[in-house]
Amino acid sequence: NLSSITGEYYYAIEYTVLDTIPAYKFSSLVLSDTLPAGADYVDGLTVTRVEDGKNKTNWFTADTEDDKIQLTATALSSNDFYGYTYRVAFKVKMDPTEMDPVYQTSSGCDVYTVNNEANVTVKRGSAVSGKDTNTVTTTAFGRLPVITVLKKNERKELLEGAVYQVTAKD
């Protein structure tokens with residue numbers, strides 16, 4: 001949960017590349033993530049090999065245009081690429097102008113929710129396989145201002161039944 005409806009946070013996507021023999025190395029591996037409405041790419045894309053914490057960003061080319069993230073592996077010929085899990089992390093920002101919040105009566109807040117899922121496509125020779133990652137849900141609560149309008153007569157006396165509350169929308 002975010003503390004602000006415009007807060008920044010990180011998405012992390014992990015993918016395990018199984019160990020293989022040279023004859024079965026991948027001909028391509030592409031991780032794709034189209035960010036959902038309500039999430040905008042900011043910066044900071046890195047790829048880390050989970051088992052040893054080494055930065056392997058240089059083993060991939062990245063395209064991060066228009067909230068579409070695409071990573072293409074460039075180290076497929078290296079035996080050192082296989083048999084590890086890679087974590088892709090990047091910073092995003094919640095954009096409430098792209099979402100319709102749900103009002104939560106119990107908290108008096110609008111609730112903004114973003115669900116994100118990536119896909120990894122692998123080619124080995126002429127065979128192609130794809131796998132969706134787990135869906136990640138991010139939630140932010142926005143407490144909206146409540147404006148109270150009181151209707152009074154010319155003597156500045158409150159008129160009975162003339163109290164209105166208006167909740168402003170961002």
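Because the structure is a prediction, the values reported are computed rather than measured.
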(message) When you compare the side chain of F26 with that of T20, does any pair of heavy atoms fall below 4.5 Å?
(response) no
(message) Tell me the closest heavy-atom pair linking V42 and V92, and the distance in Å.
(response) CG2-C, 3.6 Å
(request) Flag the pair E8 and K93 as a salt bridge only when some basic side-chain nitrogen lies within less than 4.0 angstrom of an acidic carboxylate oxygen. (result) no
(message) If the condition is salt bridge (charged side-chain N to carboxylate O under 4.0 Å, His left out), which residues does K25 pass it with, not counting sequence neighbours?
(response) none
(message) Tell me if the centroids of the rings in Y11 and Y9 come within less than 6.0 Å of each other.
(response) yes
(request) Report the distance from atom CG of D100 to atom OG1 of T97, rounding to the nearest 0.5 Å. (result) 10.5 Å
(request) Please answer whether the main-chain N or O of Y41 pairs with a side-chain N or O of D67 as donor and acceptor at a distance below 3.5 Å. (result) yes
(message) To check you understand the geometry: which heavy-atom pair defines the closest contact between A62 and L45, and what is its length?
(response) CB-CD2, 4.2 Å
(message) Distance check, rounded to the nearest 0.5 Å: I69 atom CD1 versus T64 atom OG1?
(response) 5.5 Å
(request) Assign the ring pair Y86 / F81 to parallel, tilted or perpendicular, where the plane angle (0 to 90°) is split at 30° and 60°. (result) parallel
(message) Side-chain heavy atoms nearer than 4.5 Å, only ILVMFWY residues, links allowed to pass through others: does that put V30 and Y82 together?
(response) no
(request) Can you measure from CZ (R87) to NZ (K56) and round to the nearest 0.5 angstrom? (result) 15.5 Å
(request) Indicate yes or no for a side-chain donor-acceptor contact from Q70 to the backbone of D33 under 3.5 Å, with no hydrogens or angles considered. (result) no
(request) Output yes when a side-chain donor or acceptor of E98 lies under 3.5 Å from a complementary backbone atom of A37, and no otherwise. (result) no
(message) Show the nearest heavy-atom pair for residues F90 and I13, with the distance to one decimal.
(response) CE2-CD1, 4.1 Å
(request) Identify whether NZ of Lys or CZ of Arg in R49 sits under 6.0 Å from the centre of the six-membered ring of Y84 and within 45° of that ring's axis. (result) yes
(message) Do T121 and N119 pair up side chain to side chain, a donor and an acceptor below 3.5 Å, judged on atom types alone?
(response) yes
(message) What I'd like to find out is whether the side chain of L29 reaches to under 4.5 Å of the side chain of T72, using heavy atoms alone.
(response) no
(request) Report yes or no: does N55 contribute a side-chain atom to a donor-acceptor pair with the main-chain N or O of T57 at less than 3.5 Å? (result) yes
(request) For the residue pair D80 and S78, confirm or rule out a side-chain donor-acceptor distance under 3.5 Å. (result) no
(request) Could you grab the distance from atom OG1 of T48 to atom NZ of K54, nearest 0.5 Å is fine? (result) 12.5 Å
(message) Tell me whether R124 contacts the main-chain N or O of Y24 through its side chain, where contact means a donor paired with an acceptor under 3.5 Å.
(response) yes
(message) Determine whether T46 and V88 satisfy the following criterion, side-chain contact (heavy atoms from CB on, under 4.5 Å), listing intermediate values before the conclusion.
(response) CA-CA 6 Å; T46 60; V88 178; over 6 Å; no
(request) Answer yes or no: is there a donor N or O on one side and an acceptor on the other, between the side chain of T74 and the main chain of W59, under 3.5 Å? (result) yes
